[in-house]
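So the structure is just underneath, and the comments pick up after that.
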Amino acid sequence: MKERYEFAEIEEKWQKKWAAEDIYRVPDSGGRPKYYCLEMFPYPSGKLHMGHVRNYSIGDVLARFLTMRGYSVLHPMGWDAFGLPAENAAIKHGNIHPAVWTYENISAMRAQLKQLGLSYDWNREIATCHPGYYRWTQWLFLQLYKHGLAYKKEAAVNWCPSCATVLANEQVKEGSCERCSATVEKRELNQWFFKITKYADRLLDDLKLLEGWPEKVRIMQENWIGRSEGAEINFPVDGSDDVMTVFTTRPDTIFGVTYMILAPEHPLVEKLIQGRPEAPEIRDFVNKVRSLSELDRTSTESEKIGLFTGAHCVNPLNGERVPILVANYVLLEYGTGCVMGVPAHDQRDFEFARKYNLPIKIVIQPEGEALDPDTMKEAYSGEGLMVNSGKFNGLAKKEGIRSVIEYCEEKGIGKGVINFRLRDWLISRQRYWGAPIPMIYCDKCGIVPVPESQLPVELPMDVEFKNTGRNPLADHPSFVSATCPQCGGPGRRETDTMDTFMCSSFYYYRYTSPRDGDHVWDDEKVRHWLPVDQYIGGVEHAILHLLYSRFFTKFLNDIGLVPNVEPFTRLLTQGMVLKDGSKMSKSKGNVVSPEDIVATYGADTARMFILFAAPPERDLEWSDQGVEGCSRFLNRVWRLVAPLAGILESGSSPDTGKLVGVDREMHRLTHGAIKKVTEDIGGRFNFNTAVSAIMEMVNGLYQYREVPETDRDPAVLSEAVEALLILLAPFAPHVTEELWQGMGRSGSVHLQPWPEYSQEAVSEEEVTIVVQLNGKIKERMLVPADITPEGMKELVLSRPSVREMLEGKNVVKVIPVPGKLVNIVVK
RNA sequence: GCGGGCGUGGCGGAACGGCAGACGCGCUGGACUUAGGAUCCAGUGGGAGCAAUCUCGUGGAGGUUCAAGUCCUCUCGCCCGCACCA
């Protein structure tokens with residue numbers, strides 16, 4: 001073997017060989033237990049970044065480890081290939097079609113992934129923009145439509161002026177477009193939605209099943225779904241047949257209502273003000289609110305403004321006549337779009353009432369405290385007994401809520417309801433580069449689905465991309481014109497495409513049957529592989545992709561297409577890769593390119609560093625010097641192992657009982673490392689400490705090598721080196737393969753069984769324990785490892801130095817901790 | 001405002017409630033060398049001491065415990081998510 005570690009040569013050589021021998025192909029059946037290890041597939045931007053390297057290195061170590069542990073591991077890769085950047089590139093450069101741009105990027109990125117030596121079964125590669133894939137995206141849309149879960153409605157939706165398309169609620173962050181940060185506007189449009197709200201309850205309840213998910217993500221989803229229990233109660237409008245229905249979580253405070261508020265956009269507003277002197281001013285106000293951006297509209301910061309409509313409502317419980325107002329802090333989208341104002345017991349109402357001098361009426365009195373409407377500084381929302389509430393007086397909050405709801409239900413003026421913050425998923429996009437929504441509009445028959453036999457509805461390639469903000473599909477006559485599948489008459493094709501999150505909501509099922517042209521996937525294969533055992537990706541998808549995928553899975557389970565109710569049993573959200581304390585970005589100029597690192601140090605070093613520098617879920621600070629260190633380590637391994645080629649025996653397993661001295665030490669170190677690495681990868685995903693255990697082993701081997709050959713057992717060295725290469729193989733697949741096969745071992749190191757550690761080899765005959773006096777360390781001593789706690793106590797107390805130390809002191813208690821210490825408590 | 005996370009050497013980070021700082025980086029010294037920014041060996045939390053050793057030390061203040069970086073209460077700082085949700 002060469003004296004020097006030539007990473008470039010080695011990495012290229014083995015990548016070619018692995019591909020030629022197809023060693024990462026995984027069969028769909030076989031005697032081994034299955035494991036589905038999945039990393040979030042990337043958008044093919046054309047360039048891999050460090051976040052990808054981290055994501056895929058983590059997955060690769062796991063997949064390789066589990067394969068060596070005897071599992072049949074499904075470890076696929078593909079492309080989330082529809083999306084705006086491709087189309088924007090086409091608009092900007094004019095002469096490049098999004099498809100060409102995308103496929104070129106895929107080629108470039110695939111090459112980069114292959115350079116990292118990742119163990120994907122490339123036979124299963126998919127791209128969501130391929131008609132063979134999006135045909136099934138459309139097919140699933142039709143299934144949702146068939147089951148009443150895809151529908152079209154006119155609604156105020158989020159519009160991103162820069163992306164020239166609508167967005168789902170989940171894709172708006174603090175009033176801005178999640179992709180481009182432009183301020184999002186509201187527009188009234190007729191759009192396609194998925195009824196994810198039908199699954200709100202199950203999406204919430206089943207979070208309990210996801211014990212393998214980070215709590216953080218579960219809480220985020222819980223908050224996003226936002227279940228709240230309460231009641232809807234009808235307030236008749238005074239002098240009209242209209243009714244204001246409010247949603248409230250505090251029906252026990254209904255006697256404290258001193259005014260009612262409608263959201264400015266509420267349809268009832270116009271009806272109430274017609275012909276009243278207040279009308280012009282209110283219309284003005286409503287228009288002003290409507291024109292606000294989403295951010296300004298919902299910001300907690302903005303001042304609460306309200307106007308009296310001139311109309312009144314009647315409280316159905318006590319008959320009191322209260323004014324109806326319009327105020328900017330009431331949102332049309334949530335609940336019923338109107339609320340009852342209870343200033344005494346709701347902080348927002350309180351601030352509003354103080355500002356406009358509206359009356360404050362106490363109806364909940366906390367025990368041992370007297371609330372006074374004139375002097376109170378904030379609303380009281382805690383526990384207490386109902387007062388000023390007629391026959392409900394004396395009831396505590398919880399019973400009060402129940403009793404008022406019961407009463408309302410009896411009288412037919414209200415009912416208990418559960419409200420969710422989750423909205424239906426808006427999936428229409430006014431853009432070209434997405435899967436066309438397979439629907440046809442017919443003047444005679446209305447909205448008609450494209451028959452499944454006519455799928456896919458293919459994207460036309462002869463399209464012009466202009467910066468007009470118009471979807472080019474709408475300007476493509478032969479795409480638009482269609483025949484109505486129902487009556488055979490002329491029809492118009494839907495020109496909106498689907499949100500790309502739809503494409504990524506089921507790709508992990510499609511990996512099981514990537515080329516199946518007859519079915520969305522093979523039933524047996526899905527039953528074999530699913531659910532995904534381990535999913536790995538960034539936390540930025542905590543709500544978006546992960547919630548949509550859960551929704552899809554529940555639907556697919558309902559219609560019998562998948563066996564599982566949750567898609568991902570375990571989830572690992574990896575931290576960001578930082579440089580100089582902040583996220584790598586072009587604008588900050590702190591980007592480290594994976595290509596450069598691989599070219600300078602090799603893929604093995606890049607992988608080692610990124611796994612060693614921090615535990616996977618934590619943010620990772622990039623360090624060029626840290627990379628040097630990993631490179632140095634691999635060189636150190638090379639210099640240790642390469643000269644031993646041909647010297648070492650194969651498959652040595654020394655007899656633990658016969659080993660003494662340095663041989664016994666080295667043997668123990670080897671098995672200790674096997675134990676640690678196995679537990680750190682398999683149990684807690686602490687790859688950083690697994691690597692450090694391997695480093696310790698290498699340090700030990702350097703020491704051991706110094707021992708004269710005649711004084712050491714060759715079997716111990718062979719065993720150690722063999723174990724070293726296997727333990728290191730998931731992290732640094734190329735250099736370990738080169739050394740393994742260079743030593744004359746047959747077969748790939750990656751197909752070797754993972755070593756088992758021997759308990760006997762790991763255990764010590766003697767251990768150092770600590771003697772503590774009142775918890776402070778006083779001295780150390782060597783004791784037999786198998787000593788009893790009682791024996792430990794005696795041994796310590798009989799020691800002359802300890803007896804001297806205890807002279808004149810009163811021993812209160814002696815606490816022996818086996819293998820660790822003895823603590824003597826004295827007075 | 002609500003929810004979650006994190007604060008440990010010069011740095012990245014280790015530590016089933018039981019020897020704080022594994023491993024790596026950096027630094028210091030030595031060896032090899034014409035040379036080394038290569039490699040190998042040794043040392044490396046602060047303070048005191050020639051030394052054995054002593055002492056302080058995990059953002060801060062309390063508490064539980066024989067024993068706390070770890071558990072509990074309060075508090076400060078940073079990061080992330082949600083944000084007028086009735």
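In the text below, chain A, chain B and the rest are named by the order of the sequence lines, each starting its count at 1.
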Check ion pair Lys398(A)-Asp252(A) (N to O, under 4.0 angstrom): no
Separation of rC85(B) atom C1' from Asn223(A) atom CG, nearest Å, is 11 Å
Using whole Å, report how far CD1 of Ile261(A) lies from C1' of rC85(B). 13 Å
Of Lys776(A) and Ile815(A), whose closest RNA chain B nucleotide lies nearer the 5' terminus? Lys776(A)
I want to check one thing: is the phosphate of rC41(B), taken as OP1 and OP2, less than 4.0 Å away from some side-chain N or O of Asn699(A)? no
Would you mind classifying the nucleic acid contact of Asn419(A) as base, sugar-phosphate or nothing, using non-hydrogen atoms under 4.0 angstrom? nothing
If we call it a pair only when both distances are under 3.5 Å in a Watson-Crick or G-U wobble match, what pairs with rC71(B)? rG63(B)
For Trp224(A) and for Ile777(A), locate the closest nucleotide of RNA chain B by heavy-atom distance; then report the residue assigned to the nucleotide nearer the 5' terminus. Ile777(A)
Give Val812(A) one of three labels, base, sugar-phosphate or nothing, depending on what nucleic acid heavy atoms sit under 4.0 Å from its own. nothing
Please state whether the phosphate of rC84(B), meaning OP1 or OP2, lies under 4.0 angstrom from any side-chain nitrogen or oxygen of Lys304(A). no
Please measure how far the P atom in rA68(B) lies from the corresponding atom in rU75(B), and state the result in whole Å. 24 Å
With sugar-phosphate meaning primed atoms plus P, OP1 and OP2, does Lys813(A) contact a base, only sugar-phosphate, or nothing at under 4.0 Å between heavy atoms? sugar-phosphate
Check this one for me: any side-chain N or O of Arg684(A) less than 4.0 Å away from OP1 or OP2 of rC16(B)? no
Report the distance from atom CE of Met220(A) to atom C1' of rG3(B), rounded to the nearest whole Å. 10 Å
Indicate yes or no: does Glu764(A) engage Arg668(A) in a salt bridge with an N to O separation below 4.0 Å. yes
If you only use heavy atoms from C-beta on, which nucleotide in rA67(B), rA14(B), rC23(B) is closest to the side chain of Glu696(A)? rC23(B)
Can you check the distance between rG49(B) and rU53(B), where both ends of the measurement are the C1' atom (answer in whole Å)? 8 Å
Describe the nucleic acid contact of Thr336(A) in one word from base, sugar-phosphate, nothing, applying a heavy-atom distance below 4.0 Å. nothing
Answer with base, sugar-phosphate or nothing: what part of the nucleic acid does Arg423(A) contact at a heavy-atom distance below 4.0 Å? nothing
For Val817(A), report the nucleic acid contact type (base, sugar-phosphate, nothing); a contact means any heavy atom under 4.0 Å. base
Scan Gly629(A) against the nucleic acid and name what it touches under 4.0 Å (heavy atoms): base, sugar-phosphate only, or nothing. sugar-phosphate
In Watson-Crick or G-U wobble terms, both distances under 3.5 Å, what is the partner of rC54(B)? rG47(B)
Partner of Tyr259(A) by ring pair (Phe, Tyr, Trp, His ring centres under 6.0 Å), out of Tyr356(A), Phe352(A), Phe235(A): Phe352(A)
Of the nucleotides rC82(B), rC41(B), rC23(B), which has the atom closest to the Lys173(A) side chain? rC82(B)
At 4.0 Å (heavy atoms only), tell me whether Leu331(A) reaches a base, stays on the sugar-phosphate, or touches nothing. base
Quick one: is rU39(B) close enough that its OP1 or OP2 comes under 4.0 Å of any side-chain N or O from Arg4(A)? no
Less than 4.0 Å between a side-chain N and a carboxylate O, is that true for Glu303(A) and Lys355(A)? yes
Under 4.0 Å, counting only non-hydrogen atoms across every strand here, what does Gln703(A) touch: a base, just sugar-phosphate, or nothing? sugar-phosphate
CD/Glu229(A): more than 12 non-hydrogen atoms of other groups inside 6.0 Å: no
rG1(B): pairing nucleotide in any strand, Watson-Crick or G-U under 3.5 angstrom: rC82(B)
CA sep, side-chain torsions, deciding dist, call: Glu170(A), Trp224(A), side chain to side chain donor-acceptor pair (under 3.5 Å): CA-CA 9 Å; Glu170(A) 288 79 10; Trp224(A) 188 260; 2.9 Å; yes
Output the rounded distance in Å from CE (Met608(A)) to P (rG13(B)). 17 Å
Nearest-angstrom distance, P atom, rA61(B) to rC76(B): 15 Å
Using both distances under 3.5 Å as the test, list the Watson-Crick or G-U wobble partner of rA15(B), or none. none
Minimum-distance nucleotide to Asn823(A) side chain [options: rC66(B), rG24(B), rA86(B)]: rC66(B)
Syn or anti for rG17(B) (syn when the glycosidic angle lies within 90° of 0): anti
Going through the checks in order, is the salt bridge (charged side-chain N to carboxylate O under 4.0 Å, His left out) test met by Lys186(A) and Glu265(A)? CA-CA 12 Å; Lys186(A) 283 278 177 197; Glu265(A) 302 92 334; over 6 Å; no
Same-atom distance (C1') from rG7(B) to rG21(B), integer angstrom: 16 Å
If you look at every strand shown and take non-hydrogen atoms under 4.0 Å, does Leu821(A) touch a base, only sugar-phosphate, or nothing? base
For Phe501(A) and Trp425(A), I'd like to know if the aromatic rings sit close, meaning centre-to-centre distance below 6.0 Å. no
After noting the C-alpha distance and the side-chain angles of Glu679(A) and Lys675(A), does the key distance pass the salt bridge (charged side-chain N to carboxylate O under 4.0 Å, His left out) rule? CA-CA 6 Å; Glu679(A) 288 169 357; Lys675(A) 180 171 194 275; 3.6 Å; yes
Arg421(A) vs rC82(B): side-chain N/O to OP1/OP2 distance below 4.0 Å: no
Nearest-angstrom distance, P atom, rA51(B) to rG46(B): 15 Å
Atom CD1 of Ile610(A) and atom P of rG13(B) are separated, to the nearest Å, by 13 Å
Taking CE from Met781(A) and P from rC19(B), how many angstroms apart are they, rounded to a whole number? 17 Å
With a cut-off of less than 4.0 Å, is there a side-chain N or O of Arg618(A) near OP1 or OP2 of rC79(B)? no
Any side-chain N or O of Lys676(A) under 4.0 Å from OP1/OP2 of rA22(B)? no
State whether Ser228(A) places a side-chain N or O below 4.0 Å from either non-bridging phosphate oxygen (OP1 or OP2) of rA86(B). yes
Phosphate-side-chain proximity, Arg639(A) and rC40(B), N/O vs OP1/OP2 below 4.0 Å: yes
When the distance from CD of Glu232(A) to P of rC85(B) is rounded to whole Å, what number comes out? 18 Å
Check whether the ring centres of Phe612(A) and Phe687(A) lie less than 6.0 Å apart, and answer yes or no. no
Any base atoms under 4.0 Å from Asn688(A), or only sugar-phosphate, or nothing? Heavy atoms, all strands. sugar-phosphate
Using atom P in both nucleotides, what's the gap between rU58(B) and rG69(B) to the nearest angstrom? 7 Å
Taking atom P in both rC80(B) and rG10(B), compute the distance separating them and give it to the nearest angstrom. 26 Å
By the 4.0 Å heavy-atom rule, please label Thr249(A) as base, sugar-phosphate, or nothing. sugar-phosphate
Opposite nucleotide pairing with rC6(B), Watson-Crick or G-U, both atom distances under 3.5 Å: rG77(B)
Give one of base, sugar-phosphate or nothing for Gln772(A), where a contact means two heavy atoms less than 4.0 Å apart. base
Could you measure between the two P atoms, the one in rG81(B) and the one in rC11(B), and give it in whole Å? 26 Å
rA42(B) pairs with which nucleotide, Watson-Crick or G-U wobble, both distances below 3.5 Å? rU28(B)
